[in-house]
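See structure below.
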Amino acid sequence: MKMKPVKIMETVLRDGHQSLAATRMRISDMQPMLEQLDDIGYHAIEAWGGATFDSCLRFLNEDPWERLRELKKHIKKTPIQMLLRGQNILGYNHYADDVVTEFVNRAVDNGVGIIRIFDALNDVRNLECAMRAAKKAGAHVQGALVYTISPYHKNSDFLKVAHDLVQLGADSICIKDMAGLLAPYAAYDLIKTLKSEINIPIDLHTHYTSGMASMTYLKAIEAGVDIIDCAISPFALGTSQPATEPMVAALEGTPYDTGIKKENLYPLADFFRKVKTEIATDFKLNTNISIDTKVLTYQIPGGMLSNLLNQMKEQGCAEKYPELLEEMPKVRAELGYPPLVTPTSQIVGSMAAFNVMVGRYKVVPREVKDLVRGKYGRTPAPISDEIKKLIIGDDPQITYRPADDIAPQMELLKQQLAEKGYPNASVEDVLTYALFPEVALTFFAENRN
Ligand code: CO
């Protein structure tokens, strides 16, 4: 029996609560369990980045950098992993290279060991700067390819992106299936394809949204995947990851045995079950989120479906919701088949909503124009001249890396912050201000003197 142990990346401190509890887990909720989490034998613990940074400042009155240092103080053996949106860092716009580089440096200095970096369009030019900085800072760089389904997302297309990521120096590859679209047998084929030519570890990240995720993991494991992302059960399933305990139990005694003792996970599950109840009470959240297989037809993550429905209701167009569901895939195709992940999901969603409310491409939000102009990078499929004309008229499209247009920003941000009354702001505070200026100033007003 040839052993091929599967590694587990635990997401409870980031994606688990981001998916099921509106990213509201506080550092005080985590603290009592950090040493035990560190002792489990996880490949890594995802605990930073994604929406946690914004949530710390906006909702929890916490300094995200302070949170990272506190995590690192207690998680000493297991690498702390973060999720970074390439040139968008953790925000929604492209930033200058000096901001991206400094952010990565400070993240690594403060405790991040593995940086997972992705771009919504799989345009690897948007990953270059962050990957280079992460490598230089000594982090493990995980290049992510965003998974979606379209005529322009065949396994050969994903393989090409994976090769590009290896070329840029990736230490491992992540398949990021944020909407839970990856079906078990499709996963088998995709992993086999990648494994046939890519010689660095492959990590599969999926969500339970459609209900297929644990089956998908099992087939991915049979195809040779190296790492799977799981969340301890109270923060698993629904729109989060498959649960850690049953995956560990299912693989026990097989060549894929994770080496993790399931008994060691029980106290963690008991602890985080209480945390979930507390968070739900304190922030009045419904954490009881079940699966919704509709995502496979509309390719719209569940949370976004309900947001869109609410927006339509506010505009008094609730009856047009079924039309909107039909419109989304059309708009996505017309805009070059972007995968639906932040920020492209919002861009496609708002365009589709305007189309059904006021007529097709009569009103076009700025972000949609920017997408068509190439300001987010290259779309997976070209956009037809007809649609281009409708959206940006005769404006030219840019064909270079979008951040090439952005002059260095760090000095300017420092000056701005000095003018606001913080002349001695730390580099971390400057970066916080760069990402979320208004929220940062409110936070500083309360927490800096
Ligand atoms: Co995720």
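Just so it is clear, the values below take in all heavy atoms, side chains as well, and ignore hydrogens, waters and symmetry mates. For the single chain, residues carry numbers from 1 onward in sequence order. Ligands are counted one by one from 1 in listed order, and the atoms in each one are counted from 1 as well.
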Could you list the donor-acceptor pairs under 3.5 angstrom formed by side chains in residues 217-231, with sequence neighbours left out?
unit_1	atom_1	unit_2	atom_2	d
Y217	OH	L204	O	3.3
Y217	OH	T206	N	3.4
Y217	OH	D229	N	3.4
Y217	OH	D229	O	2.5
K219	NZ	E222	OE1	2.8
D226	OD1	K4	NZ	3.2
D226	OD2	K195	NZ	2.7
D226	OD2	I202	N	2.9
D229	OD2	R116	NH1	2.9
D229	OD2	R116	NH2	2.9
D229	OD2	H205	ND1	2.7

For residues 262-270, which side-chain donor-acceptor pairs fall under 3.5 Å, sequence neighbours excluded?
unit_1	atom_1	unit_2	atom_2	d
K262	NZ	E252	OE1	3.2
K262	NZ	E252	OE2	3.0
D270	OD1	R273	NH1	3.0

| said: One pair to check against side-chain hydrogen bond (donor to acceptor under 3.5 Å, both in side chains): H163 and E197. What are the steps and the verdict? | reply: CA-CA 8 Å; H163 274 300; E197 292 185 21; 2.7 Å; yes
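Using a 30° and 60° split on the angle between ring planes, W48 and F103 fall in the parallel class, below 30°.
Listed by chain and number, the protein atoms of type N/O/S under 2.8 Å from the Co ion (ligand 1) are D15 OD2, H205 NE2, H207 NE2; waters are omitted.
Applying the side-chain hydrogen bond (donor to acceptor under 3.5 Å, both in side chains) test between N110 and each of R69, E66, R67 identifies R69 as the sole match.
In this structure H43 satisfies the ring-ring contact (aromatic ring centres under 6.0 Å, His included) test with no other residue, sequence neighbours excluded.
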